[in-house]
Number of protein chains: 2
Amino acid sequence: MNKQSYLAAAEQHCLHRGCKLTALRRHILELVLEYDGVVKAYQVLADLQRERGVAAPPTVYRALDFLVEQGLLHKVDALNGFVVCSHFECNHHGLILVCEQCGRVEEIDASQFLGALKEVTEAVGFESREQNLLLTGLCKACHA
Amino acid sequence: MNKQSYLAAAEQHCLHRGCKLTALRRHILELVLEYDGVVKAYQVLADLQRERGVAAPPTVYRALDFLVEQGLLHKVDALNGFVVCSHFECNHHGLILVCEQCGRVEEIDASQFLGALKEVTEAVGFESREQNLLLTGLCKACHA
DNA sequence: AGGGAAGTGTTATATAATAACATAATGACT
DNA sequence: AGTCATTATGTTATTATATAACACTTCCCT
């Protein structure tokens with residue numbers, strides 16, 4: 001999926017969810033898309049400043065938070081960063097793989113093992129709501 | 001396991017691994033043990049300052065990092081905090097459950113589903129090294 | 001005792017995130 | 001079109017989190 005169709009799909013996705021991908025939000029999503037893997041909020045902020053002159057942290061954080069809320073981005077807490085979600089359509093439950101060497105980020109669908117996970121958590125009476133699953137290691141290219 | 005025997009075991013654990021649980025590190029571990037769930041570095045710092053007069057962030061962070069490295073604590077990135085690992089002996093692979101309501105943290109052994117997880121990651125050629133698995137939701141008591 | 005390694009102290013600063021309030025744009029309704 | 005509530009954005013300041021860099025000490029080995 002190229003960037004233009006991704007953005008169009010993202011826009012539709014927001015509409016379906018009853019909110020809007022405004023110009024600013026779209027712009028910030030585009031800035032994130034420029035990167036391959038994880039992006040930091042302040043990188044995006046710097047990019048935005050380069051393009052618009054001024055911009056303050058809340059501008060960026062608000063947009064990023066919105067995009068996360070809509071499932072268009074994932075927050076990668078372990079790295080204080082954000083990454084594009086490539087399959088926001090499906091009610092995805094992703095597992096994020098971060099390569100320590102090249103920094104690349106891969107998001108894989110984890111539905112296979114989420115069943116097993118649910119069993120384990122339910123066994124202790126825990127009702128899961130949000131997930132934050134991340135692995136670091138070496139990607140295919142880097143450990144080959 | 002009470003605190004005294006935990007500390008003794010922790011000390012042994014470090015020795016076996018060829019390093020030392022110094023007075024400072026032990027002290028900071030004790031401070032973390034005072035809390036039920038997740039503790040922030042600056043909380044520990046404040047506690048330390050209350051007891052010793054002065055203390056600076058690096059003092060705390062270095063000790064916390066050491067304790068994480070030895071497996072005595074886990075870093076909970078999603079909350080910028082640290083939590084005691086209750087089973088540092090076994091080569092544990094934990095899954096951390098954080099209750100949104102009461103703030104309690106539970107660490108469960110996830111070896112059951114790590115097999116499934118390994119299958120999934122290996123399928124894409126990723127060689128995992130470190131894990132960062134966290135779920136938020138409601139604990140048994142809070143959703144009952 | 002000498003000397004390297006590990007640990008700790010100290011100061012300053014970098015990085016990440018949010019609070020609080022002001023202003024502007026949007027859209028629903030009359 | 002006009003008014004009004006809602007949502008979005010701008011702006012300033014501050015809080016929270018974490019690390020760099022260098023000095024000093026302690027420990028242990030020979």
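Chain letters run A, B, ... following the sequence lines, proteins first, then strands; residues in each count from 1. Small disclaimer: the values here were computed from a predicted structure and weren't measured.
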Is any side-chain N or O of B:T22 closer than 4.0 Å to OP1 or OP2 of C:dA6? no

Taking atom P of C:dT18 as reference, at what distance in whole Å does atom CG of A:L45 sit? 14 Å

Summarise protein proximity over nucleotides 15-24 of chain D in one line of letters, 5' to 3': B for base, S for sugar-phosphate only, - for none, counting protein heavy atoms closer than 4.0 Å. --BBBBB---

What integer distance in Å separates A:L24:CG from C:dT26:P? 13 Å

Regarding B:R50 and B:D47, does a basic nitrogen lie under 4.0 Å from an acidic carboxylate oxygen? yes

Please state how far atom CZ in B:R25 lies from atom P in D:dT26, giving the value in whole angstrom units. 16 Å

Residue pair A:K3, A:E30: steps toward the salt bridge (Lys or Arg N to Asp or Glu O under 4.0 Å) verdict: CA-CA 8 Å; A:K3 283 174 195 172; A:E30 285 172 353; over 6 Å; no

In this structure, how many angstroms lie between the P atom of C:dG7 and the NZ atom of B:K20, rounded? 7 Å

Find the distance A:L15:CG to C:dG27:P and express it as a whole number of Å. 11 Å

Check whether any side-chain heavy atom of A:I96 sits under 4.5 Å from a side-chain heavy atom of A:L133, and report yes or no. no

Measure the distance from CG on A:L21 to C1' on C:dT26 and round it to the nearest whole Å. 16 Å

Exactly one candidate in A:L134, A:V98, A:V84, A:D36 meets side chain to side chain contact (heavy atoms under 4.5 Å, CB included) with A:V105; the answer is A:V98

Whole-Å distance separating the CD atom of B:Q49 from the C1' atom of C:dT8: 16 Å

Within a reach of under 6.0 Å around CZ of B:R104, are more than 12 heavy atoms found that belong to other residues, nucleotides or ligands? no

Distance in angstrom units between A:E69 CD and D:dT7 P, rounded: 13 Å

Testing the 3.5 Å rule here: is there a donor-acceptor pair between the side chains of A:E107 and A:H74? yes

What's B:T59 touching, base or sugar-phosphate or nothing? Going by heavy atoms closer than 4.0 Å. base

